[in-house]
Amino acid sequence: TWKTHKPDVLLIYTTDIDTIHHEKGVYSKEAEKAMEKIDKLVQKVIEEINLFQTPELGFMIVSDHGFKEVKQICYPNQVFGNSNSTKWKYYFKTNGGIAVLVKNKNEKKLSKKELYKIQQEIMENCPGAYAVYEGDDYKYFKKNFFPEGLMFLYTYEEMTFSEGRGKWFQILDKGFYNHGFIPEDPEMKTIHLFYPPLKGGRHIRHVTEVMEISCEWLEISCRIGEKK
């Protein structure tokens, strides 16, 4: 692609390491071999584009998320009973270490009294789970994750939330690795490498900043936030 089409911007994405981290673990031998393979491919790209001898070129490597070992599972939908019926009024949807309470479009919003009862029951049955439905933390999740959320769950523990029912809490015989935890969790930290380095020692703090910083770094005009 580089030699034939001479693109202004070339994007390369690999899922290999993500798949292996999920299946084998972050520090497994398989993950180490995958990183060595990717390292060699990065070297090949750098050599092919003659990066260090081409001043107008920039090179960036960005990781989209970290990984956390999961040894426990919380089932917050147990608060609504153990029925697996698809006809639900309120429901916790999850993406790992974060869950959001949503309602069927035909249902009314829950009162603070009802939300408080749900909060207490979940935090009592799932040690290490935090549940928020008001205050600054709740506003943060509404703004950054799901504006229509009635309540948000999160954890710093080696635990994930599941949408299943039939039990409250499960300790696993064998753990696995997952993401979907809050960005403030130290294990969700990622890497970003730039050549040449960013001016002023600037760093990417959120994946949404990649576009903005890339445009500034490459000194090209981009209309950030434009919808196409």
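For reference, positions follow the sequence shown, starting with 1. The structure presented is a predicted model; accordingly, all values stated were derived computationally and were not measured. Excluded from the calculations below are hydrogen atoms, water molecules and symmetry mates; all remaining heavy atoms, backbone and side chain alike, are included.
- A side-chain contact (heavy atoms from CB on, under 4.5 Å) with I12 is found for exactly one of V45, L41, T1, V42, namely V45.
- Rounding to the nearest 0.5 Å places SG of C222 at 12.5 Å from CD1 of I213.
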- Query: Is there a side chain to side chain contact (heavy atoms under 4.5 Å, CB included) between K37 and K33 once you walk through the steps?
  - Reply: CA-CA 6 Å; K37 179 182 177 181; K33 288 181 179 179; over 6 Å; no
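- Annotation for D8: atom CG does not count as buried by contact number, only 12 or fewer foreign heavy atoms lying within 6.0 Å.
- Dense packing is recorded around NZ of K108, with more than 12 heavy atoms of other residues, nucleotides or ligands lying under 6.0 Å away.
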Side chain to side chain contact (heavy atoms under 4.5 Å, CB included) assessment of K112 paired with Y116 = CA-CA 6 Å; K112 285 191 176 183; Y116 175 77; over 6 Å; no
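- Here F152 contributes atom CZ and Y140 contributes atom OH; the two are 11.0 Å apart, rounded to the nearest 0.5 Å.
- Within 6.0 Å of atom CZ in F176, more than 12 heavy atoms from other residues, nucleotides or ligands are found, so the atom counts as buried in its surroundings.
- Y138 and G149 get closest at one heavy-atom pair: OH-O, 2.6 Å.
- In this structure, CD on E158 lies 12.5 Å from CG on N178, to the nearest 0.5 angstrom.
- Between T190 and V62 there is no side-chain heavy-atom pair separated by less than 4.5 Å.
- Distance check, rounded to the nearest 0.5 Å: CD of Q119 to CD of E134 gives 8.0 Å.
- Closest heavy-atom contact between I49 and F59: CD1-CD1, 4.1 Å.
- For K93, the NZ atom sits in a loose shell: 12 or fewer heavy atoms of surrounding residues, nucleotides or ligands are nearer than 6.0 Å.
- To the nearest 0.5 angstrom, L110 atom CG is 11.5 Å from K117 atom NZ.
- In this structure, F181 has its ring center at least 6.0 angstrom away from the ring center of Y154.
- Here the closest non-hydrogen pair linking K6 and K3 is CE-O, 3.5 Å.
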The test is side chain to side chain contact (heavy atoms under 4.5 Å, CB included); show your working for V210 and M60 and say whether it passes.
CA-CA 10 Å; V210 171; M60 176 194 300; 4.1 Å; yes
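- At least one side-chain heavy atom of L10 sits under 4.5 Å from a side-chain heavy atom of W2.
- Between F92 and I118, the closest side-chain pair of non-hydrogen atoms falls below 4.5 Å.
- Taking the side chain as every heavy atom from C-beta outward, N77 and E163 approach each other to under 4.5 Å.
- Within a 6.0 Å radius of OH in Y130, no more than 12 heavy atoms belonging to other residues, nucleotides or ligands are found.
- Considering every non-hydrogen atom in both T160 and G97, the closest pair reads OG1-N, 4.1 Å.
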Going through the checks in order, is the side chain to side chain contact (heavy atoms under 4.5 Å, CB included) test met by F169 and N125? CA-CA 7 Å; F169 189 72; N125 286 282; 5.9 Å; no
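- Cluster membership for I38 and F67, using ILVMFWY side-chain heavy atoms within less than 4.5 angstrom, is not shared.
- When the shell of 6.0 Å around CD of E107 is examined, it contains more than 12 heavy atoms from other residues, nucleotides or ligands.
- Nearest heavy atom pair, residue F80 against residue L101, reads CZ-CD1, 3.6 Å.
- Annotation for K71: atom NZ does not count as buried by contact number, only 12 or fewer foreign heavy atoms lying within 6.0 Å.
- Just one residue in the list H22, K68, E187 forms a side chain to side chain donor-acceptor pair (under 3.5 Å) with H179, and that residue is H22.
- Ring geometry, Y91 versus W88: the interplanar angle falls from 30° to 60°, so the pair is classed tilted.
- In terms of heavy atoms, Y133 sits closest to L150 at CB-O, 3.6 Å.
- Here CG of D185 is found 13.5 Å from NE2 of H65. Values are rounded to the nearest 0.5 Å.
- Side-chain contact between Y90 and V79 is absent, with no heavy-atom pair separated by less than 4.5 Å.
- Around atom OH of Y27, no more than 12 heavy atoms belonging to other residues, nucleotides or ligands sit under 6.0 Å away.
- Relative orientation of the Y195 and F52 rings is perpendicular, given thresholds of 30° and 60° on the angle between their planes.
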